[in-house]
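Single-structure report; data block below.
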Amino acid sequence: MGKKKTLTGALLAAAIMTVAGCSGQGTATGETAKAPADPADASGTIKVLTHRTDLVQNGTMDEYAAEFNKVYPKVKVKFEALTDYEGEVKIRMNTDDYGDVLMIPAAVAKNDYPKFFAPLGSAAELGGEYRFSDKAEVAGKVYGISTFGTANGFVYNRAVWKRAGITEWPTTPEEFLGDLRAIEDKTDALPYYTNFKDAWPLTAWSNSIGSVTCDAKANDKLAGPVSPWKRGGELNTIDSVLYDIVKGGLSEKDPTTTNWEASKGMIAKGEVATMQLGSWAISQMREAARQSGADPDDIGFMPFPVQKDGTYCAVLASDYQQAVNIHSEHKTAARAWIDWFTEKSGFSAKEGAVPALKSAPMPSTLEDFVDNDVTFVERSEAQTGQVNAIDNAAEIGLNKPDYRQQLVDLARGARKGSLEDFFADLDKRWNEAAATAGS
């Protein structure tokens with residue numbers, strides 16, 4: 001499985017400090033990595049760093065490179081797959097040698113992108129063509145193009161939910177919890193699986209920010225002393241659902257024993273009913289069903305259980321973004337790879353993911369969302385730099401698993417305290433950090 005894992009806690013803080021102090025930045029230039037006017041203009045050997053160890057090991061990436069070479073015969077593409085992508089790339093970025101093309105690590109502060117990556121074009125130019133371009137925009141220039149995007153929601157086993165007598169998506173958190181209780185009472189399946197031990201799946205809950213209010217700028221609105229966990233706030237609603245699931249005994253008895261890889265087969269075979277994940281996971285769960293002899297069509301995807309004016313909303317958020325190393329000697333070839341991979345490879349469709357290219361259709365994995373008029377909301381990233389600065393200063397980790405592991409521990413009684421006090425502490429830390437972060 002090649003899904004990313006994010007550095008946490010002190011290690012992430014150290015990564016940010018280390019990367020920000022990277023040597024050799026003064027020798028780089030801000031020259032734009034332009035797409036070649038003619039395929040013959042792109043040449044040289046480029047190294048592509050990737051977190052998708054699975055696709056490198058099974059030869060899929062080499063197949064993509066072979067197709068790329070039919071258009072760009074003078075470019076040789078080499079792949080290096082890294083299991084601990086974030087950790088290893090962070091170390092390499094102390095030098096000039098971190099590939100020609102790489103996925104932008106989470107450890108690099110957004111405002112530092114110009115120190116490490118070549119600009120790919122203006123926000124005005126690329127914003128009209130690609131989704132999620134503002135995630136890598138600094139001062140009007142774009143430094144990365146998304147490999148794909150993902151919609152937020154819950155992967156579920158349709159057959160299990162049907163056996164419990166549930167035929168409609170829940171429209172409120174209360175209905176959702178009631179449905180999980182019905183699954184517990186009427187089936188042998190575990191209603192919900194947290195994937196607590198592998199930790200990174202818990203970060204997917206943050207991708208629901210915006211789904212509750214159908215607001216593309218919901219994440220941007222966290223950029224200040226706004227008490228994100230106050231009653232009625234999106235994070236209060238989102239995290240309360242997770243807390244209530246665990247508090248109600250609707251998840252595994254000992255979350256410290258969960259296993260991500262095993263969970264795919266468990267939901268595919270109906271041993272688990274529901275997991276909160278991005279839409280990228282649908283194809284993996286359906287493949288697990290095929291491998292186990294179960295029906296892939298049993299794997300469904302439902303939106304977060306809240307409606308706005310009678311309509312569900314699903315936030316579309318960017319996955320890793322491909323960038324060109326500012327020190328690369330083959331920027332044109334590197335840019336050619338990024339453009340081809342984004343527009344011509346078919347990668348996002350094969351992964352069942354939301355395409356970065358705006359003109360491309362939504363994937364078949366989101367057919368249920370399209371058919372049921374779920375509103376897709378592309379998350380604004382205009383204030384991501386400031387939100388991340390506050391988040392890091394507060395040492396909370398909206399996109400890291402730590403605080404939600406603490407939330408699960410609180411719900412299951414492994415940590416003392418009340419949910420109200422837990423949220424109040426998060427708000428206090430956030431508001432205090434907002435007063436100084438980024439200033």
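Numbers here simply count residues along the sequence, with the first being 1. Basis for what follows: all heavy atoms, side chains included, without hydrogens, waters or symmetry-related copies.
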**Study point:** From Phe132, Tyr85, Phe341, residue fulfilling ring pair (Phe, Tyr, Trp, His ring centres under 6.0 Å) relative to Tyr320
**Key:** Tyr85

Check your understanding: Does Thr375 use its side chain to pair, donor to acceptor, with the backbone of Cys313 at less than 3.5 Å?
Key -> no

Check your understanding: Donor-acceptor pair, Asn372 side chain versus Phe369 backbone, under 3.5 Å?
Key -> no

**Study point:** Exam field: side chain Tyr193 to backbone Asn259, donor-acceptor pair closer than 3.5 Å
**Key:** yes

Practice item. Would you mind checking if Glu80 and Lys47 are paired as a salt bridge, meaning a charged N to carboxylate O distance below 4.0 Å? Key: yes

Check your understanding: Can a donor-acceptor pair be found between the side chains of Asp319 and Trp280 at a distance below 3.5 Å?
Key -> no

Review point. Quick one: do Glu432 and Lys428 make a salt bridge, cutoff under 4.0 Å?
Key: yes

Study note, to complete from the structure: Residues at least two apart in sequence or cross-chain that pass side-chain hydrogen bond (donor to acceptor under 3.5 Å, both in side chains) with Asp339, listed by chain then number, are Arg335

Revision key, fill the gap. Between Val155 and Met285, the two heavy atoms sitting closest are CG1-CG, 3.9 Å

Review point. Do you know which two heavy atoms are closest between Ala136 and Gln321, and how far apart they sit?
Key: CB-OE1, 2.8 Å

Check your understanding: Are Lys115 and Asp112 ion-paired here, with the side-chain N under 4.0 Å from a carboxylate O?
Key -> yes

Review point. What pair of heavy atoms forms the shortest contact from Ile326 to Pro114, and how long is it?
Key: CD1-O, 3.5 Å

Exercise for review: Flag yes if more than 12 heavy atoms outside Glu395 fall under 6.0 Å of its CD atom; otherwise flag no.
Suggested key: no

Revision key, fill the gap. Only one of Phe301, Trp205, Trp161 passes ring pair (Phe, Tyr, Trp, His ring centres under 6.0 Å) with Phe154, and that residue is Trp205

Check your understanding: Centres of the Trp337 and Phe68 rings: under 6.0 Å?
Key -> yes

Check your understanding: Ion pair present between Asp402 and Lys400, side-chain N to carboxylate O less than 4.0 angstrom?
Key -> no

Review point. Are side-chain heavy atoms of Glu137 and Glu381 found at a separation under 4.5 Å?
Key: no

Check your understanding: Is the shortest side-chain N to carboxylate O distance from Asp368 to Arg158 below 4.0 Å?
Key -> yes

Exercise for review: State whether Lys358 and Glu378 are salt-bridged, where the test is any N-O pair (Lys NZ or Arg NE/NH1/NH2 against Asp/Glu carboxylate O) under 4.0 Å.
Suggested key: no

Review point. Is it true that a side-chain atom of Lys230 and a backbone atom of Val226 form a donor plus acceptor pair closer than 3.5 Å?
Key: yes

Check your understanding: Can a salt bridge be assigned to the pair Lys70 and Glu67 using a cut-off of 4.0 Å between side-chain N and carboxylate O?
Key -> yes

Check your understanding: More than 12 foreign heavy atoms under 6.0 Å from NZ of Lys110: is that the case here?
Key -> yes

**Study point:** Aromatic contact, Tyr72 with Trp340 (centres under 6.0 Å)
**Key:** no

Check your understanding: Are Asp97 and Arg92 within salt-bridge range, i.e. N to O under 4.0 Å?
Key -> no

